[in-house]
Every structure is written in C-alpha cells, then in structure tokens.
Enquirer: 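Let me give you the structure first, and then I'll get to my questions.
Throughout, residue positions are numbered sequentially from 1 according to the sequence presented.
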Amino acid sequence: MKLLHSIPCTLLMLLFLAGSNLVEGKTPRNYVYDTQEENGMIVSKVVYVQDNNLLNKQMKFDFVYNENGKVEEKIAWRWNKTKDEWLPFYRISYTYDETAGEVHSTYGMWDAQKSNYSLNEQQLIFPLTEYEEIFS
C-alpha cells in the first residue's frame with residue numbers, strides 16, 4: 001500500500017518541478033534567431049539551437065508579401081543534417097477579404113511524392129483586426 005501512495009506523491013512532485021520551471025521561464029532549449037529584413041519586412045528567419053557553444057540549424061521560415069505589404073505566404077523548412085540541406089516542411093497561404101474583415105489561411109504540409117504542399121490541408125479564418133498581433 002505504501003508503494004501506491006508514493007506514486008501519486010512522486011507524480012505531484014514532478015508536476016510541481018515542471019510547473020516551477022515554466023513559471024521561471026526556463027526552456028529546455030536555447031534558441032537563437034537570424035532574421036533577414038528587406039524594406040522593414042521580415043523575408044527570412046532561421047532558427048538555431050545553441051548546444052555546447054555550437055549553433056545547430058533547426059528551422060527556416062521564408063515570407064512573401066502582397067502589394068499591400070501583408071504576408072501572403074509563409075514557407076517553413078527543416079534542416080536535414082544528413083543531406084546538409086533545407087527540406088520543405090509546410091506552407092501557409094493568406095488571402096485578405098477587406099470587405100468581410102477576414103483573413104483566410106490555407107495550411108498544407110509537404111508531400112515529397114507529389115512535390116507539393118497537399119498533406120493535411122487545413123483552412124482557418126480569423127479577423128483582420130488580429131493581423132498585427134499574429135504577424136508581429
């Protein structure tokens with residue numbers, strides 16, 4: 001019976017320690033960002049993980065803007081250490097309906113067999129008023 005009682009206590013202690021790390025703002029990895037801008041707009045962002053004073057590539061994001069300066073496309077890439085190259089991961093395309101005050105987004109993951117972003121396609125509509133909060 002003591003064993004059964006100690007399991008919940010151990011779980012509670014682990015949850016407390018995990019929660020205290022979140023409250024203190026600790027993250028399991030140290031991320032470093034390299035952001036490229038043109039005309040005040042982010043066109044590319046590379047995410048590295050710093051490990052033992054080395055920077056290891058993780059993800060890269062490319063941004064395309066429409067004629068009004070709003071994000072039209074976000075393409076994500078994953079670094080492949082073995083091939084030493086960026087591989088497509090997913091794409092989000094955005095269209096803007098000013099009349100309805102909406103942003104329509106289409107998400108798709110890379111399908112290597114078809115060479116397109118057709119896997120797990122999803123659509124989302126959000127208020128245009130949220131644009132700055134989402135893309136800042």
Enquirer: Can you tell me which residue pairs pass the side chain to side chain donor-acceptor pair (under 3.5 Å) test with a partner in residues 115-126, sequence neighbours excluded?
Expert: N116-S118, N120-Q122
Enquirer: Do Y96 and L124 sit in the same hydrophobic cluster, where Ile, Leu, Val, Met, Phe, Trp and Tyr count as joined when their side-chain heavy atoms come under 4.5 Å apart?
Expert: yes
Enquirer: Mark yes when over 12 heavy atoms from residues, nucleotides or ligands other than E38 sit less than 6.0 Å from its CD; otherwise mark no.
Expert: no
Enquirer: Do M41 and F63 touch side chain to side chain, with heavy atoms closer than 4.5 Å?
Expert: no
Enquirer: For E130, give me all partners under side chain to side chain donor-acceptor pair (under 3.5 Å), at least two apart in sequence or on another chain.
Expert: none
Enquirer: Roughly how far, to the nearest 0.5 Å, is CD of E85 from CH2 of W79?
Expert: 7.5 Å
Enquirer: Side chain of N66, backbone of N68: donor and acceptor closer than 3.5 Å?
Expert: yes
Enquirer: Using a 4.5 Å cut-off on heavy atoms from C-beta on, say whether the side chain of D97 contacts that of H104.
Expert: yes
Enquirer: Following the transitive rule for hydrophobic clusters with a side-chain heavy-atom cut-off under 4.5 Å over Ile, Leu, Val, Met, Phe, Trp and Tyr, establish whether V64 and V43 coincide in one cluster.
Expert: no
Enquirer: Are any non-hydrogen side-chain atoms of M59 and R78 less than 4.5 angstrom apart?
Expert: yes
Enquirer: Roughly how far apart are I42 CD1 and Q36 CD, rounded to 0.5 Å?
Expert: 10.5 Å
Enquirer: Are Y94 and M109 joined in one hydrophobic group, where the rule is that I, L, V, M, F, W and Y side chains link up if heavy atoms are under 4.5 Å apart?
Expert: yes
Enquirer: Rounded at 0.5 Å granularity, tell me how far CG in D62 sits from CH2 in W86.
Expert: 9.5 Å
Enquirer: Report yes or no: do I75 and L87 belong to one cluster of Ile/Leu/Val/Met/Phe/Trp/Tyr joined by side chain heavy-atom distances under 4.5 Å?
Expert: no
Enquirer: Do the side chains of E133 and Y131 get nearer than 4.5 Å, heavy atoms only?
Expert: no
Enquirer: Of all residues at least two apart in sequence or in a different chain, which pass the ring pair (Phe, Tyr, Trp, His ring centres under 6.0 Å) check with Y107?
Expert: Y90
Enquirer: Tell me if a side-chain donor or acceptor on T35 pairs with a main-chain N or O of K45 at a distance below 3.5 Å.
Expert: no
Enquirer: Could you tell me the separation between the NZ atom of K70 and the OG1 atom of T95, rounded to the nearest 0.5 Å?
Expert: 13.0 Å
Enquirer: Got a list of side-chain donor-acceptor pairs under 3.5 Å for residues 47-57, not counting sequence neighbours?
Expert:
unit_1, atom_1, unit_2, atom_2, d
Q50, OE1, N30, ND2, 3.1

Enquirer: Kindly write out the residues that satisfy ring pair (Phe, Tyr, Trp, His ring centres under 6.0 Å) with W77, not counting sequence neighbours, or none if the list is empty.
Expert: none
Enquirer: Please verify the inter-ring angle class for F135 with F126; under 30° counts as parallel, over 60° as perpendicular, anything in between as tilted.
Expert: tilted
Enquirer: Within a strict 4.5 Å, meaning less than it, do heavy atoms of the V71 and Y65 side chains meet?
Expert: yes
Enquirer: Who passes ring pair (Phe, Tyr, Trp, His ring centres under 6.0 Å) against F61, sequence neighbours left out?
Expert: none
